[in-house]
Amino acid sequence: QQQVKQSPQSLIVQKGGISIINCAYENTAFDYFPWYQQFPGKGPALLIAIRPDVSEKKEGRFTISFNKSAKQFSLHIMDSQPGDSATYFCAASILNTGFQKLVFGTGTRLLVSP
Amino acid sequence: DVKVTQSSRYLVKRTGEKVFLECVQDMDHENMFWYRQDPGLGLRLIYFSYDVKMKEKGDIPEGYSVSREKKERFSLILESASTNQTSMYLCASSLWSSNQPQHFGDGTRLSIL
């Protein structure tokens, strides 16, 4: 019940295209869903996050879509650029008083071809 | 700027050795975390700490222990290293707040021979 399933494992998108990464969870107690971006040789960094009281959150070219009834959420990268090539991790957490105990997906390696 | 520093980028140790991985953050964060990252498995939480001398088990604590004697420093200890502990280890920190992001170091790639 603590798992977060992520797909696809890898993705190749042409420059200017839309990249879509999907995640699904089982634990309905999760109430915080962040996406982290990781470049080679670097640690992950928070990209965007959503709470389940909204169905969509947009920050620039990055959008999270959230479907509470289906227990699914996805990351959409519009107008994908070669600089977006990285590994993306979805995660889920039950928000405690002072910390997030994140459960991560298995990651998606995105390559945006020029 | 936020900075989480892991003492080694690469480390090679032998089976049975006691291994120390060190992490220091300069942001006065209350929370610190240790993860391991393996291909196809994502990041898995080993231990975390929300205060000096406090620690909580994560999802895969077996074979590991931690130490937090000072607020800025969080150490991961492999009591008797085994080959299945060969991995990338990531340290993170965050403020004591439910909606603050975790800030990660760049990782230590540990090989146990």
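Quick note on labels: first sequence line is chain A, next is B, and so on, each numbered from 1.
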Problem set entry | Separation between CG of L45(B) and CD of Q100(A), rounded to the nearest 0.5 Å | 12.0 Å
Exercise. Which distance, rounded to the nearest 0.5 Å, do you find between the CH2 of W96(B) and the CZ of F99(A)?
Worked result: 5.5 Å
For this session: Step through the shown structure and confirm whether more than 12 heavy atoms of other residues, nucleotides or ligands are within 6.0 Å of CD on E59(A).
Result: yes
Exercise. Should the heavy atoms of other residues, nucleotides or ligands under 6.0 Å from CZ of R109(A) be counted, would the total exceed 12?
Worked result: no
Problem set entry | Interchain contact, R109(B) with chain A, by part (heavy-atom threshold 4.5 Å) | neither
Problem set entry | Criterion side chain to side chain contact (heavy atoms under 4.5 Å, CB included) on L46(A) and Q102(B), from CA distance to verdict | CA-CA 7 Å; L46(A) 179 67; Q102(B) 293 183 19; over 6 Å; no
Problem set entry | Joint cluster assignment, I48(A) & L110(A), ILVMFWY side-chain distance < 4.5 Å | yes
Exercise. Given a strict heavy-atom distance threshold of 4.5 Å, which part of L41(B) is in contact with chain A: side chain, backbone, both, or neither?
Worked result: backbone
Problem set entry | Sub-4.5 Å side-chain heavy-atom contact between K101(A) and F33(B) | no
For this session: Identify whether L75(A) and V13(A) are in the same connected component of the hydrophobic contact network (ILVMFWY, side-chain heavy atoms under 4.5 Å).
Result: yes
Exercise. How far does CG of L102(A) sit from CG of D59(B), to the nearest 0.5 angstrom?
Worked result: 10.5 Å
For this session: Give a yes or no on whether L76(B) and M32(B) share a hydrophobic cluster (residues Ile, Leu, Val, Met, Phe, Trp, Tyr; joining criterion: side-chain heavy atoms under 4.5 Å apart).
Result: yes
Exercise. Just wondering, are more than 12 heavy atoms of other shown residues or ligands nearer than 6.0 Å to CZ in R51(A)?
Worked result: yes
Exercise. What part of P44(A) is in contact with chain B, defined as an atom under 4.5 angstrom from a non-hydrogen atom: side chain, backbone, both or neither?
Worked result: both
Exercise. Among Q38(A), Q6(A), Q9(A), which has the most heavy-atom pairs under 4.5 Å with chain B?
Worked result: Q38(A)
Exercise. Are L11(B) and V4(B) grouped together when hydrophobic residues (ILVMFWY) are joined by side-chain heavy atoms under 4.5 angstrom apart?
Worked result: no
For this session: Go through the atoms of Q100(B) and report whether side chain, backbone, both or neither lie under 4.5 Å from a heavy atom of chain A.
Result: backbone
Exercise. Given the side-chain rings of F104(A) and Y35(B), with only the six-membered ring counted for Trp, is the space between their centroids under 6.0 Å?
Worked result: yes
Problem set entry | Single-linkage hydrophobic cluster, 4.5 Å side-chain cutoff, F74(B) and I77(B) together | no
